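Note sheet for the following structure.
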Amino acid sequence: MRPTGDVQEHQTATTGLFLRDDFPILQRMVHGVPLVYLDNAATTQKPTVVIEAEAAYYRTSNANVHRAIHTLGEEATRQYEQARATVASFIGSPAPEQCVFVRNATEALNLVAWAWGMDHLSSGDEILLTVMEHHSNLVPWQMVAKRTGARLRFLPLAPDGTLRLDALDTFLSERTKIVAFTHVSNVLGTITPVAEICRRAQRLGAITVVDAAQSVPHQPVDVTALGCDFLAFSAHKMYGPMGIGVLWGRLERLQEMEPLFGGGEMILRVGLESSTWNEVPYKFEAGTPNVAGAIGLAAAIDYLRGIGMEAIAGYESQLTEYALLRLRSVPGIEVYGPESPRGSLVAFNVPGVHPHDLSQFLDQQGIAIRAGHHCAQPLLKHLCVVATARASFAPYNTRADVDALVDALGRVGDFFGHVGS
Ligand code: PMP
């Protein structure tokens with residue numbers, strides 16, 4: 001890991017803020033050239049400390065948690081609960097119990113929609129979302145709205161891709177029970193003013209649900225400062241393992257929620273006809289949890305903290321600014337989303353080339369980007385496109401990676417022969 005302290009700006013611009021050597025996969029070649037990985041919004045690569053933390057758990061302490069009264073079981077339980085405490089302090093949670101381990105952000109959002117929504121929504125109530133939600137923060141609400149008779153409403157976007165906050169008061173009313181929205185759009189990079197939206201929603205008695213899948217990995221996030229009721233994120237987008245994520249909730253909200261899954265771990269007492277529930281967070285963690293994943297997530301958080309979330313946000317913001325500047329030099333390119341502030345990603349289209357073809361062309365040159373609808377079909381419809389390309393950054397990316405992308409885009413016309421037509 002890079003030593004903390006004053007890091008030469010030009011040096012980090014060349015080498016990245018993370019040491020690339022910390023990430024074994026970044027040493028590999030793709031089609032005979034070194035990998036340039038620009039698909040971090042889909043998932044990030046894993047440093048050796050994360051890979052080793054998971055492996056060490058399986059090598060030395062593997063056992064089921066919370067039940068066993070033997071050394072390995074106690075070690076596994078201690079490490080799992082320590083991971084919860086690490087998560088809690090990373091996001092400013094007043095208590096570790098407020099962090100529920102789930103599989104990913106999608107499961108976290110579904111848990112709120114089903115476990116809170118089904119019991120608190122009825123016909124005539126409103127759920128306020130935004131036009132730019134990932135399907136994970138849209139489809140669960142559609143499903144719950146259909147069953148409860150609640151109505152979905154959508155905050156619109158301004159032409160530059162920012163949220164129309166001026167319209168918030170016309171959408172918020174006593175009928176609004178839930179306001180669920182993304183902290184950072186995975187397509188536009190738009191950053192929403194979470195604290196302000198939460199304040200205004202709560203004044204009318206609505207609960208707030210924040211999809212933080214694209215913010216927790218890239219900037220300091222403090223749930224207490226944000227003032228939300230729920231916040232969801234995935235470990236795999238923050239250098240941690242796949243298959244583990246977090247739902248953070250206000251204690252009273254979690255306490256008033258019924259569990260979604262029944263089974264082992266989540267009960268206090270079980271009778272043949274009925275059962276009572278374990279306390280928060282265990283009533284939401286039915287069955288054997290992903291212990292290795294939680295330990296890997298804690299290792300990722302320790303790694304991020306070693307560098308500092310402020311430093312990461314600053315580095316990525318400069319790199320994204322550079323990417324925007326360079327991408328705009330590509331003839332005819334269309335870049336989506338606001339100028340600034342924005343998350344560490346840029347969605348774009350090169351005229352005359354389908355993003356899938358573009359992605360395949362770049363892959364031949366070792367450059368990994370994303371192409372498609374990014375699980376945000378309504379937003380793409382709003383942008384009047386069916387797909388976009390997207391480059392998304394992490395602190396191991398450098399200006400040289402951006403240059404490699406832009407240089408390759410400069411050759412795309414020769415390859416396809418019709419760019420700009
Ligand atoms: N929300 C946003 C904004 C995302 O970008 C993603 C992942 N692309 C998700 C939710 C869902 O994350 P996961 O697939 O890890 O559940």
Side-chain angles (χ1 to χ4, degrees), residues 37-46 50 87 100-114 129-143 154-155 157 161 163 179-192 194 197 208-219 221 226 228 230-248 260 290 293-294 296-297 300 316 320 336-338 342-347 355 359 368-380 382-383 387-394:
Y37 187 76
L38 297 174
D39 195 15
N40 295 287
T43 200
T44 52
Q45 298 304 345
K46 319 304 173 199
V50 168
V87 170
V100 181
F101 282 127
V102 290
R103 280 188 305 146
N104 45 42
T106 302
E107 187 172 297
L109 293 162
N110 270 275
L111 182 52
V112 183
W114 288 102
L129 310 174
T130 82
V131 174
M132 63 181 163
E133 295 313 310
H134 187 281
H135 297 167
S136 297
N137 197 32
L138 170 61
V139 180
W141 300 115
Q142 291 174 344
M143 294 161 97
F154 298 93
L155 257 186
L157 298 177
L163 209 51
V179 183
F181 57 100
T182 191
H183 193 173
V184 175
S185 159
N186 65 315
V187 179
L188 299 171
T190 307
I191 301 177
T192 54
V194 175
I197 296 173
T208 49
V209 184
V210 178
D211 174 357
Q214 297 292 352
S215 61
V216 168
H218 302 285
Q219 63 182 77
V221 168
L226 293 178
C228 53
F230 294 102
L231 183 124
F233 57 97
S234 291
H236 72 92
K237 292 184 196 285
M238 53 189 288
Y239 317 98
M242 289 187 173
I244 186 91
V246 176
L247 173 67
W248 177 86
L260 187 57
N290 182 356
L297 168 58
E316 288 186 359
T320 308
Y336 304 97
R342 66 185 285 151
S344 318
L345 59 92
V346 184
S359 182
I369 62 150
R370 196 105 192 137
H373 56 61
H374 314 295
C375 296
Q377 287 182 1
L379 173 60
L380 266 67
H382 168 84
L383 296 172
T388 81
R390 181 186 70 189
S392 52
F393 309 107

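In each ligand, atom 1 is the first atom listed, and ligand 1 is the first ligand listed. No experiment lies behind these values; they were computed from the predicted model shown.
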Go through the side-chain N and O atoms of H236 and T43 and say whether any donor and acceptor fall under 3.5 Å apart.
yes
Taking atom types as modelled and ignoring hydrogens, do the side chains of T190 and S185 form a donor-acceptor contact shorter than 3.5 angstrom?
no
Run the ring-centre check on H134 versus H374 and record whether the distance is less than 6.0 Å.
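That pair fails the under 6.0 Å test.
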Sub-4.0 Å atoms of ligand 1 with respect to non-hydrogen atoms of [X]:
{"X": "K237", "answer": "6 (C), 7 (C), 8 (N), 12 (O)"}
{"X": "S234", "answer": "12 (O), 13 (P), 15 (O), 16 (O)"}
{"X": "Q214", "answer": "3 (C), 4 (C), 5 (O)"}

Would you mind checking which non-hydrogen protein atom is closest to atom 10 (C) of ligand 1, with the distance to 0.1 Å?
D211 OD2, 3.4 Å
Where is the nearest protein heavy atom to atom 4 (C) of ligand 1: which residue, which atom, and how far?
H134 CD2, 3.3 Å
Out of T182, T106, V187, who is nearest to atom 16 (O) of ligand 1 when you count heavy atoms only?
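Among T182, T106, V187, the closest heavy atom to atom 16 (O) of ligand 1 belongs to T106.
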Given S215, G245, S136, which one has a non-hydrogen atom that is nearest to atom 11 (C) of ligand 1?
S136
Can you spot which of V184, V210, T182 makes a side-chain contact (heavy atoms from CB on, under 4.5 Å) with S215?
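The side-chain contact (heavy atoms from CB on, under 4.5 Å) with S215 is passed solely by V184 among V184, V210, T182.
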Decide whether the shortest distance between a heavy atom of H236 and an atom of ligand 1 is less than 4.0 Å.
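So H236 counts as touching ligand 1.
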Does [X] reach the side chain of [Y], with side-chain heavy atoms less than 4.5 Å apart?
{"X": "L231", "Y": "V221", "result": "yes"}
{"X": "T388", "Y": "H373", "result": "no"}
{"X": "W141", "Y": "V112", "result": "yes"}

Once you restrict to heavy atoms under 4.0 Å, what part of R103 touches ligand 1? Side chain, backbone, both or neither.
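Neither; nothing of R103 gets under 4.0 Å from ligand 1.
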